[in-house]
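Presented below is the structure to which this report refers.
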Amino acid sequence: MKAKIAVLAGDGVGREIVPEAVKVLKAVAERYGHAFEFIAGDIGGQAIEKMGVPLPQETLILAKQSDAVLLGAVGGPKWEGLPYGLRPERALLGLREQLGLFANLRPAKLYPMLAEASTLKREVIEGIDLLVVRELTGGIYFGKPKGIETIPGGERGVNTEVYTTGEIARIAKVAFEAARKRRKKVTSVDKANVLESSELWRRVVTEVHRAYPDVELTHMYVDNCAMQLIRNPKQFDVLLCNNLFGDILSDEAAMLTGSIGMLPSASLGAHAGLYEPIHGSAPDIAGKNIANPIATIASAAMMLSYTFNLGKEADAIEQAIVKTLDLGYRTKDIAAPGTRIVGTTEMGDAIVRNLR
Ligand code: IPM
Ligand code: MG
(Lines give C-alpha, C1' and ligand atoms only; values in the text may rest on other atoms or scores of the structure.)
(Ligands and ions follow the chains in the order given, each with its own letter.)
Protein backbone atom coordinates (compact mmCIF):
# COMPACT_ATOMS: atom_id res chain seq x y z
CA MET A 1 0.00 0.00 0.00
CA LYS A 2 1.11 3.55 -0.79
CA ALA A 3 0.12 6.34 1.60
CA LYS A 4 0.94 9.95 2.27
CA ILE A 5 1.14 10.85 5.96
CA ALA A 6 1.32 14.43 7.20
CA VAL A 7 3.56 14.69 10.25
CA LEU A 8 2.80 17.63 12.53
CA ALA A 9 5.02 17.33 15.58
CA GLY A 10 4.10 20.74 17.04
CA ASP A 11 5.45 21.83 20.41
CA GLY A 12 7.08 20.52 23.57
CA VAL A 13 7.27 16.76 23.83
CA GLY A 14 5.46 16.55 20.48
CA ARG A 15 8.84 17.06 18.85
CA GLU A 16 10.27 14.03 20.67
CA ILE A 17 7.43 11.54 20.60
CA VAL A 18 6.36 11.98 16.98
CA PRO A 19 9.75 10.91 15.56
CA GLU A 20 9.44 7.71 17.62
CA ALA A 21 6.05 6.94 16.08
CA VAL A 22 7.44 7.67 12.61
CA LYS A 23 10.31 5.30 13.37
CA VAL A 24 7.80 2.56 14.20
CA LEU A 25 5.71 3.27 11.10
CA LYS A 26 8.81 3.09 8.93
CA ALA A 27 9.73 -0.25 10.46
CA VAL A 28 6.20 -1.53 9.78
CA ALA A 29 6.34 -0.29 6.19
CA GLU A 30 9.62 -2.06 5.63
CA ARG A 31 8.51 -5.28 7.23
CA TYR A 32 5.16 -5.50 5.49
CA GLY A 33 6.11 -3.98 2.14
CA HIS A 34 4.22 -0.67 2.29
CA ALA A 35 5.34 2.70 0.97
CA PHE A 36 4.57 5.44 3.46
CA GLU A 37 5.61 8.94 2.52
CA PHE A 38 6.05 11.29 5.50
CA ILE A 39 5.70 15.02 4.98
CA ALA A 40 6.40 17.36 7.88
CA GLY A 41 4.32 20.48 8.53
CA ASP A 42 4.33 23.33 11.02
CA ILE A 43 1.68 23.70 13.69
CA GLY A 44 1.09 25.38 17.03
CA GLY A 45 3.60 27.61 18.81
CA GLN A 46 6.39 26.42 16.57
CA ALA A 47 4.39 27.65 13.54
CA ILE A 48 3.73 30.96 15.31
CA GLU A 49 7.48 31.46 15.68
CA LYS A 50 8.18 30.52 12.09
CA MET A 51 5.25 32.01 10.19
CA GLY A 52 3.26 34.09 12.64
CA VAL A 53 0.15 31.91 12.79
CA PRO A 54 -0.62 28.64 14.62
CA LEU A 55 -2.19 26.93 11.61
CA PRO A 56 -0.48 28.06 8.39
CA GLN A 57 -2.38 27.62 5.15
CA GLU A 58 0.34 25.26 3.88
CA THR A 59 -0.25 22.96 6.83
CA LEU A 60 -3.98 22.91 6.25
CA ILE A 61 -3.48 22.08 2.58
CA LEU A 62 -0.94 19.39 3.46
CA ALA A 63 -3.39 17.82 5.92
CA LYS A 64 -6.21 17.91 3.38
CA GLN A 65 -4.06 16.33 0.68
CA SER A 66 -2.72 13.56 2.91
CA ASP A 67 -4.26 10.18 3.63
CA ALA A 68 -3.74 10.63 7.36
CA VAL A 69 -2.28 13.11 9.82
CA LEU A 70 0.02 12.23 12.71
CA LEU A 71 0.08 14.98 15.30
CA GLY A 72 2.17 15.49 18.43
CA ALA A 73 1.00 18.29 20.69
CA VAL A 74 0.62 22.05 20.64
CA GLY A 75 0.99 24.82 23.21
CA GLY A 76 3.36 26.08 25.86
CA PRO A 77 3.82 28.87 28.40
CA LYS A 78 5.46 31.10 25.80
CA TRP A 79 2.22 31.55 23.89
CA GLU A 80 -0.24 31.61 26.78
CA GLY A 81 -0.63 35.38 26.80
CA LEU A 82 -1.69 35.59 23.14
CA PRO A 83 -5.26 36.40 22.15
CA TYR A 84 -7.37 33.24 21.79
CA GLY A 85 -7.47 33.42 18.01
CA LEU A 86 -3.66 33.22 17.79
CA ARG A 87 -2.95 30.58 20.41
CA PRO A 88 -1.40 27.25 19.47
CA GLU A 89 -4.57 25.44 20.63
CA ARG A 90 -6.49 27.24 17.87
CA ALA A 91 -4.51 25.22 15.34
CA LEU A 92 -5.89 22.00 16.73
CA LEU A 93 -9.44 23.30 16.79
CA GLY A 94 -8.99 24.74 13.28
CA LEU A 95 -7.72 21.42 11.94
CA ARG A 96 -10.60 19.52 13.54
CA GLU A 97 -13.09 21.98 12.10
CA GLN A 98 -11.53 22.28 8.64
CA LEU A 99 -11.09 18.53 8.24
CA GLY A 100 -14.60 17.87 9.56
CA LEU A 101 -13.24 15.53 12.23
CA PHE A 102 -16.41 15.20 14.26
CA ALA A 103 -15.69 11.81 15.84
CA ASN A 104 -12.92 11.44 18.37
CA LEU A 105 -12.15 7.94 19.63
CA ARG A 106 -10.15 7.64 22.82
CA PRO A 107 -9.65 4.08 24.00
CA ALA A 108 -8.56 3.59 27.61
CA LYS A 109 -7.27 0.13 28.30
CA LEU A 110 -5.16 -1.03 31.17
CA TYR A 111 -1.97 -2.85 30.28
CA PRO A 112 -1.98 -5.38 33.15
CA MET A 113 1.72 -4.93 33.93
CA LEU A 114 1.08 -1.23 34.54
CA ALA A 115 -1.57 -1.69 37.23
CA GLU A 116 0.89 -0.45 39.82
CA ALA A 117 1.41 2.80 37.91
CA SER A 118 -2.19 3.84 38.51
CA THR A 119 -3.09 5.90 41.54
CA LEU A 120 -6.11 3.65 41.99
CA LYS A 121 -6.25 0.23 43.61
CA ARG A 122 -5.48 -2.74 41.42
CA GLU A 123 -8.89 -4.38 41.99
CA VAL A 124 -10.67 -1.23 40.79
CA ILE A 125 -8.78 -0.86 37.54
CA GLU A 126 -7.83 -4.40 36.58
CA GLY A 127 -9.49 -5.32 33.32
CA ILE A 128 -10.74 -1.87 32.33
CA ASP A 129 -11.23 -1.47 28.62
CA LEU A 130 -13.36 1.45 27.61
CA LEU A 131 -13.72 3.75 24.66
CA VAL A 132 -14.60 7.42 24.93
CA VAL A 133 -16.43 8.57 21.80
CA ARG A 134 -16.19 12.34 21.93
CA GLU A 135 -18.01 14.74 19.62
CA LEU A 136 -15.24 17.00 18.32
CA THR A 137 -16.52 19.80 16.10
CA GLY A 138 -19.53 21.14 17.97
CA GLY A 139 -20.79 22.12 21.40
CA ILE A 140 -19.34 24.85 23.55
CA TYR A 141 -15.95 24.71 21.79
CA PHE A 142 -17.43 26.19 18.64
CA GLY A 143 -20.87 27.59 19.61
CA LYS A 144 -21.75 31.23 19.00
CA PRO A 145 -22.12 33.78 20.45
CA LYS A 146 -18.72 33.69 22.09
CA GLY A 147 -16.29 36.28 23.33
CA ILE A 148 -15.55 38.78 26.06
CA GLU A 149 -17.32 42.12 26.02
CA THR A 150 -17.22 45.20 28.19
CA ILE A 151 -20.27 45.92 30.27
CA PRO A 152 -20.90 48.65 32.83
CA GLY A 153 -18.77 47.84 35.83
CA GLY A 154 -16.73 45.06 34.25
CA GLU A 155 -16.67 42.50 31.49
CA ARG A 156 -18.83 39.62 30.34
CA GLY A 157 -17.48 36.32 28.99
CA VAL A 158 -19.75 34.17 26.84
CA ASN A 159 -19.61 30.72 25.27
CA THR A 160 -22.51 28.80 23.87
CA GLU A 161 -23.27 25.11 24.18
CA VAL A 162 -25.19 24.23 21.05
CA TYR A 163 -26.01 20.96 19.26
CA THR A 164 -28.26 20.16 16.34
CA THR A 165 -30.14 16.92 15.76
CA GLY A 166 -27.79 16.05 12.88
CA GLU A 167 -24.64 16.57 14.92
CA ILE A 168 -25.92 14.41 17.76
CA ALA A 169 -27.23 11.67 15.48
CA ARG A 170 -23.98 11.20 13.57
CA ILE A 171 -21.79 10.89 16.68
CA ALA A 172 -24.36 8.59 18.32
CA LYS A 173 -24.11 6.30 15.28
CA VAL A 174 -20.34 6.18 15.64
CA ALA A 175 -20.74 5.14 19.28
CA PHE A 176 -23.30 2.41 18.53
CA GLU A 177 -21.25 1.06 15.64
CA ALA A 178 -18.14 0.99 17.84
CA ALA A 179 -20.07 -0.78 20.61
CA ARG A 180 -21.13 -3.49 18.17
CA LYS A 181 -17.48 -4.42 17.75
CA ARG A 182 -16.95 -4.43 21.51
CA ARG A 183 -19.11 -5.40 24.51
CA LYS A 184 -22.25 -3.77 23.07
CA LYS A 185 -22.87 -1.21 25.80
CA VAL A 186 -23.17 2.54 25.31
CA THR A 187 -23.36 4.99 28.19
CA SER A 188 -24.46 8.38 26.90
CA VAL A 189 -23.21 11.21 29.09
CA ASP A 190 -25.22 14.40 29.52
CA LYS A 191 -26.53 16.96 31.95
CA ALA A 192 -30.14 16.64 30.90
CA ASN A 193 -31.40 17.57 34.36
CA VAL A 194 -30.14 21.11 33.81
CA LEU A 195 -29.24 21.83 30.17
CA GLU A 196 -31.63 21.98 27.22
CA SER A 197 -28.87 21.03 24.78
CA SER A 198 -28.44 17.88 26.85
CA GLU A 199 -32.17 17.22 26.82
CA LEU A 200 -32.03 17.20 23.02
CA TRP A 201 -28.85 15.09 23.14
CA ARG A 202 -30.62 12.44 25.23
CA ARG A 203 -33.69 12.46 22.99
CA VAL A 204 -31.72 12.09 19.74
CA VAL A 205 -29.42 9.39 21.15
CA THR A 206 -32.50 7.43 22.26
CA GLU A 207 -33.96 7.82 18.78
CA VAL A 208 -30.77 6.67 17.00
CA HIS A 209 -30.57 3.72 19.39
CA ARG A 210 -33.76 2.24 17.90
CA ALA A 211 -31.69 1.03 14.94
CA TYR A 212 -29.30 -0.75 17.36
CA PRO A 213 -31.50 -3.05 19.49
CA ASP A 214 -28.52 -5.36 20.05
CA VAL A 215 -26.65 -2.59 21.87
CA GLU A 216 -27.55 -1.68 25.43
CA LEU A 217 -27.99 2.06 26.04
CA THR A 218 -27.84 3.83 29.40
CA HIS A 219 -27.95 7.56 30.06
CA MET A 220 -25.81 9.03 32.80
CA TYR A 221 -25.37 12.54 34.15
CA VAL A 222 -21.84 13.78 33.70
CA ASP A 223 -21.20 14.44 37.40
CA ASN A 224 -22.28 10.92 38.28
CA CYS A 225 -20.18 9.56 35.42
CA ALA A 226 -17.07 11.34 36.73
CA MET A 227 -17.68 9.61 40.03
CA GLN A 228 -18.51 6.18 38.55
CA LEU A 229 -15.31 6.25 36.49
CA ILE A 230 -13.35 6.22 39.72
CA ARG A 231 -15.73 4.06 41.73
CA ASN A 232 -16.28 1.27 39.22
CA PRO A 233 -14.73 1.91 35.78
CA LYS A 234 -15.29 -1.68 34.66
CA GLN A 235 -19.01 -0.99 34.19
CA PHE A 236 -18.19 1.06 31.06
CA ASP A 237 -17.73 -0.07 27.50
CA VAL A 238 -18.42 2.92 25.21
CA LEU A 239 -18.87 6.38 26.71
CA LEU A 240 -20.66 8.72 24.32
CA CYS A 241 -19.87 12.36 25.16
CA ASN A 242 -20.25 15.86 23.82
CA ASN A 243 -17.11 17.88 23.13
CA LEU A 244 -16.58 19.35 26.60
CA PHE A 245 -17.63 16.33 28.68
CA GLY A 246 -15.49 14.09 26.46
CA ASP A 247 -12.48 16.34 26.97
CA ILE A 248 -12.78 16.12 30.72
CA LEU A 249 -13.76 12.47 31.10
CA SER A 250 -11.07 11.23 28.71
CA ASP A 251 -8.36 12.75 30.91
CA GLU A 252 -9.95 11.01 33.86
CA ALA A 253 -10.18 7.73 31.98
CA ALA A 254 -6.54 8.08 30.94
CA MET A 255 -5.37 8.37 34.50
CA LEU A 256 -7.13 5.12 35.40
CA THR A 257 -4.68 3.36 33.12
CA GLY A 258 -1.69 4.70 34.99
CA SER A 259 -0.45 7.51 32.83
CA ILE A 260 -1.85 9.99 30.39
CA GLY A 261 1.26 9.15 28.39
CA MET A 262 -0.32 5.87 27.31
CA LEU A 263 -3.53 6.93 25.58
CA PRO A 264 -3.88 7.28 21.82
CA SER A 265 -6.70 8.85 19.85
CA ALA A 266 -8.22 8.91 16.41
CA SER A 267 -10.26 11.77 15.01
CA LEU A 268 -12.38 10.80 12.07
CA GLY A 269 -14.69 12.57 9.67
CA ALA A 270 -14.96 13.64 6.08
CA HIS A 271 -11.26 14.05 5.24
CA ALA A 272 -8.03 12.37 6.33
CA GLY A 273 -8.14 10.97 9.84
CA LEU A 274 -6.00 12.65 12.47
CA TYR A 275 -4.09 10.61 15.04
CA GLU A 276 -2.60 12.04 18.19
CA PRO A 277 -1.87 11.20 21.81
CA ILE A 278 -4.49 12.61 24.15
CA HIS A 279 -1.87 14.34 26.29
CA GLY A 280 -0.52 17.82 25.68
CA SER A 281 2.90 19.31 24.99
CA ALA A 282 4.10 18.86 28.61
CA PRO A 283 6.56 21.79 28.55
CA ASP A 284 7.85 20.84 32.02
CA ILE A 285 9.45 17.64 30.70
CA ALA A 286 10.09 18.67 27.09
CA GLY A 287 13.58 18.41 25.61
CA LYS A 288 14.82 15.93 28.20
CA ASN A 289 14.22 12.68 26.35
CA ILE A 290 11.97 11.42 29.16
CA ALA A 291 8.48 11.72 27.62
CA ASN A 292 6.55 8.52 27.05
CA PRO A 293 6.14 7.93 23.28
CA ILE A 294 3.68 5.04 23.69
CA ALA A 295 0.50 7.13 23.30
CA THR A 296 1.79 8.42 19.96
CA ILE A 297 3.02 5.03 18.82
CA ALA A 298 -0.38 3.55 19.72
CA SER A 299 -1.99 6.41 17.78
CA ALA A 300 0.05 5.33 14.76
CA ALA A 301 -1.38 1.83 15.26
CA MET A 302 -4.90 3.32 15.25
CA MET A 303 -4.03 5.07 11.98
CA LEU A 304 -3.05 1.77 10.38
CA SER A 305 -6.24 0.16 11.54
CA TYR A 306 -8.79 2.95 10.94
CA THR A 307 -7.50 4.82 7.90
CA PHE A 308 -5.53 2.14 6.10
CA ASN A 309 -7.41 -0.97 7.17
CA LEU A 310 -4.11 -2.63 8.04
CA GLY A 311 -5.35 -4.60 11.03
CA LYS A 312 -2.47 -7.05 11.08
CA GLU A 313 0.13 -4.28 11.10
CA ALA A 314 -1.77 -2.37 13.80
CA ASP A 315 -1.85 -5.52 15.95
CA ALA A 316 1.87 -5.96 15.42
CA ILE A 317 2.50 -2.50 16.90
CA GLU A 318 0.14 -3.22 19.81
CA GLN A 319 1.95 -6.48 20.52
CA ALA A 320 5.34 -4.81 20.28
CA ILE A 321 4.21 -2.31 22.92
CA VAL A 322 3.01 -5.12 25.19
CA LYS A 323 6.19 -7.09 24.70
CA THR A 324 8.37 -4.07 25.45
CA LEU A 325 6.43 -3.41 28.65
CA ASP A 326 6.62 -7.10 29.54
CA LEU A 327 10.37 -6.92 29.20
CA GLY A 328 10.33 -4.24 31.87
CA TYR A 329 11.03 -1.15 29.81
CA ARG A 330 9.42 1.92 31.39
CA THR A 331 9.56 5.63 30.82
CA LYS A 332 9.62 7.65 34.02
CA ASP A 333 5.87 8.27 34.15
CA ILE A 334 5.12 4.53 34.39
CA ALA A 335 8.17 3.38 36.29
CA ALA A 336 7.89 0.98 39.20
CA PRO A 337 10.42 -0.85 41.37
CA GLY A 338 12.20 -3.59 39.47
CA THR A 339 11.65 -2.07 36.04
CA ARG A 340 14.14 -0.47 33.74
CA ILE A 341 13.77 3.27 33.22
CA VAL A 342 14.49 4.33 29.67
CA GLY A 343 14.24 7.55 27.71
CA THR A 344 11.92 8.46 24.86
CA THR A 345 14.23 7.28 22.07
CA GLU A 346 15.18 4.04 23.83
CA MET A 347 11.52 3.21 24.30
CA GLY A 348 10.92 3.81 20.59
CA ASP A 349 13.93 1.67 19.66
CA ALA A 350 12.80 -1.13 21.94
CA ILE A 351 9.34 -1.14 20.39
CA VAL A 352 10.86 -1.28 16.90
CA ARG A 353 13.05 -4.20 18.02
CA ASN A 354 10.07 -6.05 19.39
CA LEU A 355 8.05 -5.64 16.24
CA ARG A 356 7.58 -9.04 14.73
C1 IPM B 1 -7.62 17.54 23.95
C2 IPM B 1 -7.02 18.85 24.38
C3 IPM B 1 -7.57 19.96 23.48
C4 IPM B 1 -9.06 20.02 23.69
C5 IPM B 1 -6.92 21.35 23.69
C6 IPM B 1 -5.42 21.30 23.60
C7 IPM B 1 -7.49 22.36 22.73
O8 IPM B 1 -7.25 19.08 25.72
O9 IPM B 1 -7.47 17.19 22.76
O10 IPM B 1 -8.22 16.88 24.78
O11 IPM B 1 -9.54 20.67 24.62
O12 IPM B 1 -9.79 19.41 22.91
MG1 MG C 1 -8.13 17.43 26.74
Side-chain angles (χ1 to χ4, degrees), residues 1-10 14-43 58-73 95-96 99-101 103-107 109 111 131 174 177-178 181 262-278 292-327 329 344-356:
M1 146 171 294
K2 273 177 83 165
K4 187 168 157 184
I5 301 169
V7 179
L8 313 178
R15 309 207 72 74
E16 299 167 74
I17 54 183
V18 165
E20 298 311 309
V22 169
K23 207 192 261 178
V24 173
L25 283 171
K26 281 185 175 158
V28 167
E30 198 174 299
R31 214 137 312 175
Y32 291 83
H34 302 300
F36 296 151
E37 185 190 354
F38 299 93
I39 304 167
D42 301 304
I43 195 162
E58 291 89 320
T59 302
L60 193 55
I61 292 169
L62 167 67
K64 281 189 176 161
Q65 290 175 345
S66 299
D67 300 304
V69 181
L70 180 67
L71 192 135
L95 257 190
R96 289 170 181 172
L99 295 179
L101 303 168
N104 184 215
L105 310 182
R106 301 186 160 187
K109 191 177 64 186
Y111 291 93
L131 175 70
V174 171
E177 293 289 341
K181 296 186 193 135
M262 297 295 296
L263 287 217
S265 84
S267 303
L268 310 171
H271 294 269
L274 182 143
Y275 299 84
E276 57 172 327
I278 84 152
N292 185 347
I294 293 181
T296 317
I297 293 170
S299 301
M302 287 186 89
M303 174 192 291
L304 295 183
S305 143
Y306 285 87
T307 294
F308 301 135
N309 241 316
L310 298 174
K312 199 167 42 138
E313 287 82 340
D315 281 351
I317 295 182
E318 276 296 324
Q319 281 163 24
I321 293 173
V322 170
K323 181 159 182 217
T324 306
L325 293 171
D326 267 339
L327 289 171
Y329 287 82
T344 311
T345 49
E346 287 122 303
M347 182 60 102
D349 290 341
I351 292 172
V352 166
R353 259 199 319 276
N354 293 318
L355 204 62
R356 271 189 304 137

Residues passing the side-chain contact (heavy atoms from CB on, under 4.5 Å) test with A320, sequence neighbours excluded, are I351, N354, L355

Which heavy atom in G41 sits nearest to a heavy atom in L8, and how many Å separate them?
-> CA-CD2, 3.5 Å

Qualifying side chain to side chain donor-acceptor pair (under 3.5 Å) pairs, either residue in residues 25-34, two or more places apart | H34-E313

Applying side-chain contact (heavy atoms from CB on, under 4.5 Å), name anything that partners N309, two or more places apart in sequence or on another chain.
-> none

What is the minimum heavy-atom distance between I294 and N292, and which atoms define it?
-> N-OD1, 2.9 Å

Under the side chain to side chain donor-acceptor pair (under 3.5 Å) test, which residues partner E177, sequence neighbours left out?
-> Y212

For P19, enumerate each residue passing the side-chain contact (heavy atoms from CB on, under 4.5 Å) test, keeping only those at least two apart in sequence or located in another chain.
-> none

Interatomic distance, L274 atom CG to L71 atom CG [nearest 0.5 angstrom] | 5.5 Å

Got a sec, which residues hit salt bridge (Lys or Arg N to Asp or Glu O under 4.0 Å) with R96, two or more places apart in sequence or on another chain?
-> E276

Of all the heavy-atom pairs spanning G269 and L101, show the shortest one and how long it is.
-> N-CD2, 3.9 Å

Kindly compute the distance separating CG (L60) from CD1 (I43), expressed to the nearest 0.5 Å.
-> 9.0 Å

Heavy-atom closest pair, residues M302 and L105 | CE-O, 4.0 Å

In terms of heavy-atom contacts, P107 and L131 come closest through N-CD1, 3.6 Å

Under the side chain to side chain donor-acceptor pair (under 3.5 Å) test, which residues partner R353, sequence neighbours left out?
-> Y329

Identify, with sequence neighbours excluded, every residue that meets side-chain contact (heavy atoms from CB on, under 4.5 Å) alongside A21.
-> L70, T296, I297, A300

Would you give the length of the straight line joining atom CZ of R356 to atom CG of D315, rounded to the nearest 0.5 angstrom?
-> 9.5 Å

Any donor and acceptor pair, going by atom type alone, linking the side chain of R15 with main-chain N or O of G10 inside 3.5 Å?
-> yes

Rounded to the nearest 0.5 Å, what's the gap from CD1 on I321 to CD on Q319? Could you check?
-> 10.5 Å

Which residues share a side chain to side chain donor-acceptor pair (under 3.5 Å) with S267, sequence neighbours left out = N104

Residues that K23 engages under salt bridge (Lys or Arg N to Asp or Glu O under 4.0 Å), provided they are two or more places apart | E20, D349

Heavy-atom closest pair (L25 atom, F36 atom, distance to 0.1 Å) is O-CD1, 3.7 Å

Apply side chain to side chain donor-acceptor pair (under 3.5 Å) to E58 and list each qualifying residue two or more places apart in sequence or on a separate chain.
-> none

Per-pair distances, 0.1 Å, donor-acceptor, side chain in residues 61-68, under 3.5 Å, sequence neighbours excluded:
unit_1	atom_1	unit_2	atom_2	d
S66	OG	L62	O	2.6
D67	OD2	K4	N	2.7

